[in-house]
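Read the structure below first, then the notes.
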Amino acid sequence: MIKKAVIPAAGLGTRFLPATKAQPKEMLPIIDTPVIQYVVQEAIDSGITDILIISGKGKRAVEDHFDRNWELENILAQKEDESWYQMLRQIGEMADIHYIRQKETKGLGDAILHAKQHVGEEPFAVLLGDTIVDSTIPVTRQLIDIYDQYQQSVVSVEEVAAEKVSRYGIVGGDDLSERLKKINIMIEKPDTGEAPSNLAFAGRYILTSQIFTCLEETSPGKHDEIQLTDAMNILLQRESIYALRAQGKRHDIGNKMDYLKTIVEFGLKRPEFAKEFRTFLKDIIK
Ligand code: G1P
């Protein structure tokens with residue numbers, strides 16, 4: 001049973017400056033809901049009950065967002081329409097959320113290593129805090145279902161364009177079915193020509209607790225950071241790792257163009273905006 005999730009949210013957000021100079025990229029809103037709320041919701045919808053957010057400098061807004069806000073709640077409770085009050089209370093009680101701070105930005109692998117004590121010996125989920133996936137079944141749930149079958153680590157992957165492989169962790173392996181692979185190699189941000197495929201890590205992982213020993217053995221890699229991908233290569237020598245081409249559409253919010261597209265897509269899906277927004281888009285494109 002996978003009950004714990006780790007959400008790394010300590011990155012500096014340099015790709016999204018100046019918006020991220022004084023606020024975390026994880027708090028960027030998709031219309032009215034911060035990205036990290038979607039991520040926490042995905043974890044909860046997947047059966048996770050315990051969430052550890054790896055926080056860092058300048059990320060206090062994330063903690064405040066999942067805390068109760070008594071002052072605002074009191075004001076909203078007096079209004080006739082109770083729905084705002086209820087919505088605010090629900091956010092403050094979404095899950096059992098814990099925080100630990102990564103004091104230096106030494107990479108995704110180092111961030112995950114901060115979860116060692118909290119996670120203990122159990123397998124756990126990792127959901128990148130700047131990535132949301134729009135899917136019928138939450139991607140973390142899809143991965144947990146594969147874990148339940150194989151009892152080994154499993155990651156979500158997606159096909160990316162050949163010219164984009166150098167932006168991602170890329171995997172190679174043997175097909176077990178149309179959507180499932182058994183991984184035999186992983187390279188973090190390979191140069192073109194070095195990539196074993198165009199299947200990229202897509203921001204969701206289920207890892208066994210063995211990953212912590214592997215992370216401790218991992219030297220700084222790409223960009224002089226402790227890379228999760230490098231630690232997973234060590235894990236691969238000891239255990240099997242599977243890759244699932246999960247159903248769903250990934251939105252990388254740390255990327256400005258993806259962010260823009262996400263807001264348009266989500267805007268068109270919101271019943272209260274859809275009609276007027278569609279007409280507006282059609283008119284403006286003319
Ligand atoms: C991280 C991982 C990479 C993965 C990517 C997905 O990279 O290191 O393997 O493909 O997330 O978004 P980052 O985008 O943090 O540089």
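We number each residue from 1, following the sequence as shown.
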Plane angle bin for Tyr38 and Phe266 - parallel if under 30°, tilted between 30 and 60°, otherwise perpendicular: perpendicular
Using a strict 4.0 Å threshold on nitrogen-to-oxygen distance, state whether Glu159 and Arg245 make a salt bridge. yes
Does Met87 have more than 12 heavy atoms from other residues, nucleotides or ligands lying within 6.0 Å of its CE? yes
Would you check if there is a donor-acceptor pair between the side chains of Gln41 and Asp45 at a distance under 3.5 Å? yes
Any ion pair linking Arg141 and Asp145 (charged N to carboxylate O, less than 4.0 Å)? yes
Please say whether more than 12 non-hydrogen atoms of neighbouring residues, nucleotides or ligands are located less than 6.0 Å from NZ in Lys3. yes
Any carboxylate oxygen within less than 4.0 angstrom of a Lys/Arg side-chain nitrogen, looking at Asp175 and Lys181? yes
Pair Gln247, Ser135 - check side chain to side chain donor-acceptor pair (under 3.5 Å), show working. CA-CA 6 Å; Gln247 177 272 323; Ser135 62; 4.6 Å; no
Identify the two heavy atoms, one from Ala5 and one from Leu127, that lie closest to each other, and give their separation to 0.1 Å. CB-CD1, 3.8 Å
Does Glu188 offer a backbone N or O that forms a donor-acceptor pair with the side chain of Thr229 under 3.5 Å? no
Does a side-chain N-to-carboxylate-O contact under 4.0 Å join Arg179 and Glu158? no
For Arg278, I'd like to know if atom CZ has over 12 heavy atoms of other residues, nucleotides or ligands within 6.0 Å. no
So which heavy atom on Lys25 is nearest to which on Gly13, and how close? CD-CA, 3.9 Å
Salt bridge present between Glu265 and Lys261 (N-O < 4.0 angstrom): no
For Asp252, enumerate each residue passing the side chain to side chain contact (heavy atoms under 4.5 Å, CB included) test, keeping only those at least two apart in sequence or located in another chain. Arg15, Asp130, Arg250, Asn255, Asp258
